[in-house]
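To keep things clear, I will list the structure first and then write my remarks on it.
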Amino acid sequence: MPDKLAILIWAATPEHPELCVTPLVHALAARALDAEVEIHFAGPAVRWLVKDVAESLYATPEREKSIGEFFAELATEGVPLFACSMACAAWVKAGETLTHTCAGQTGATAFVARTLAPDWRTLVF
């Protein structure tokens, strides 16, 4: 049985932080089940990986945990967060840097390869 999960986040943008927490919780749940997990950010969702964006946004009005705190927890669990290189070119402004929780840039091919690999499962948000 596959024990690897790749998640693509593209529609859950910083303008709607309530949409971002679900894929992050699913990633943490998969890690709790000892799955290898990676998260890819594409399109405008790549803005989550811009330094200081995730730390200031919360998924709920009660503000229990920032999206940045979720990213830190994922990093502690060994879940790499990847920024799509094409999305960075389009959505990351000159002078902005990616957060330390970003494991690097990948292209669309990297996620598509996961969808085609028999030992990986994928989710898209």
Side-chain angles (χ1 to χ4, degrees):
M1 175 181 260
D3 61 352
K4 299 176 183 180
L5 177 65
I7 297 174
L8 175 66
I9 299 175
W10 72 275
T13 64
E15 293 76 26
H16 299 284
E18 69 279 5
L19 299 178
C20 191
V21 73
T22 298
L24 304 180
V25 168
H26 280 75
L28 289 168
R31 280 298 302 131
L33 295 171
D34 293 326
E36 180 180 341
V37 180
E38 59 188 37
I39 303 176
H40 299 251
F41 291 80
V46 78
R47 299 251 350 125
W48 281 117
L49 298 179
V50 172
K51 188 174 189 224
D52 297 327
V53 170
E55 289 74 19
S56 63
L57 295 171
Y58 296 79
T60 65
E62 292 79 22
R63 301 171 59 101
E64 304 96 347
K65 189 175 186 180
S66 73
I67 301 299
E69 289 174 287
F70 276 101
F71 287 173
E73 187 175 350
L74 288 161
T76 298
E77 291 295 325
V79 176
L81 309 178
F82 295 111
C84 171
S85 52
M86 285 177 50
C88 284
W91 294 95
V92 178
K93 300 170 188 164
E96 290 182 321
T97 58
L98 299 179
T99 180
H100 71 281
T101 56
C102 180
Q105 294 186 27
T106 61
T109 305
F111 185 78
V112 171
R114 295 298 193 219
T115 69
L116 298 173
D119 57 338
W120 282 84
R121 295 292 183 258
T122 56
L123 294 172
V124 178
F125 293 88

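The structure displayed is predicted, hence computed values, not measured ones. Throughout, residue positions are numbered sequentially from 1 according to the sequence presented. Keep in mind that the numbers below use all heavy atoms, side chains included, and drop hydrogens, waters and symmetry copies.
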Going hydrophobic residue to hydrophobic residue with side-chain gaps under 4.5 angstrom, can you get from Leu57 over to Leu81? yes

Mind checking what makes ring pair (Phe, Tyr, Trp, His ring centres under 6.0 Å) contact with His16, not counting sequence neighbours? none

Any side-chain heavy atom of Val46 within less than 4.5 Å of one from Val92? yes

Within a reach of under 6.0 Å around CH2 of Trp10, are more than 12 heavy atoms found that belong to other residues, nucleotides or ligands? no

Should Leu5 and Leu123 count as side-chain neighbours, where that means a heavy-atom distance under 4.5 Å? yes

Thr22 side-chain N/O to Leu19 backbone N/O, donor-acceptor pair under 3.5 Å: no

Checking Thr13 against Cys20 for the side chain to side chain contact (heavy atoms under 4.5 Å, CB included) test, could you report, in this order, the C-alpha distance in whole Å, the side-chain angles of both residues, the deciding distance, and whether it holds? CA-CA 7 Å; Thr13 64; Cys20 191; over 6 Å; no

Please evaluate residues Thr99 and Val50 with respect to the criterion side chain to side chain contact (heavy atoms under 4.5 Å, CB included), reporting the C-alpha separation (whole Å), side-chain torsions for both, the decisive distance (0.1 Å), and the verdict. CA-CA 5 Å; Thr99 180; Val50 172; over 6 Å; no

On a heavy-atom basis, the closest approach of Pro80 and Gly78 is CD-O, 3.2 Å

Side-chain contact, heavy-atom cut-off 4.5 Å: Leu98 with Lys51? no

Same cluster or not: Leu28 versus Ile39, using hydrophobic residues (I, L, V, M, F, W, Y) connected whenever any side-chain heavy atoms lie under 4.5 Å apart? yes

Let's go through Arg47 and Glu96 carefully: what are the C-alpha distance in whole Å and the side-chain angles of both, what is the deciding distance for salt bridge (Lys or Arg N to Asp or Glu O under 4.0 Å) to 0.1 Å, and is it a yes or a no? CA-CA 10 Å; Arg47 299 251 350 125; Glu96 290 182 321; 2.7 Å; yes

Applying the ring pair (Phe, Tyr, Trp, His ring centres under 6.0 Å) criterion to Phe41, which one of Phe71, Trp48, Trp91, Phe125 satisfies it? Phe71

Thr122 vs Leu8 side-chain heavy atoms within contact, under 4.5 Å: no

Would you please test Phe70 and Val21 for side chain to side chain contact (heavy atoms under 4.5 Å, CB included) and show each step? CA-CA 8 Å; Phe70 276 101; Val21 73; 3.3 Å; yes

Please evaluate residues Leu24 and Ile67 with respect to the criterion side chain to side chain contact (heavy atoms under 4.5 Å, CB included), reporting the C-alpha separation (whole Å), side-chain torsions for both, the decisive distance (0.1 Å), and the verdict. CA-CA 9 Å; Leu24 304 180; Ile67 301 299; 4.0 Å; yes

For Tyr58, is the NZ or CZ atom of Lys65 found under 6.0 angstrom from the centre of its six-membered ring and inside 45 degrees of the ring axis? no

Could you label the plane-to-plane angle of the Phe82 and His40 rings as parallel, tilted or perpendicular, counting under 30° as parallel and over 60° as perpendicular? tilted

Given the rule in the salt bridge (Lys or Arg N to Asp or Glu O under 4.0 Å) test, do Glu38 and Arg114 qualify, once you have shown the distances and angles that lead to the verdict? CA-CA 10 Å; Glu38 59 188 37; Arg114 295 298 193 219; 2.7 Å; yes

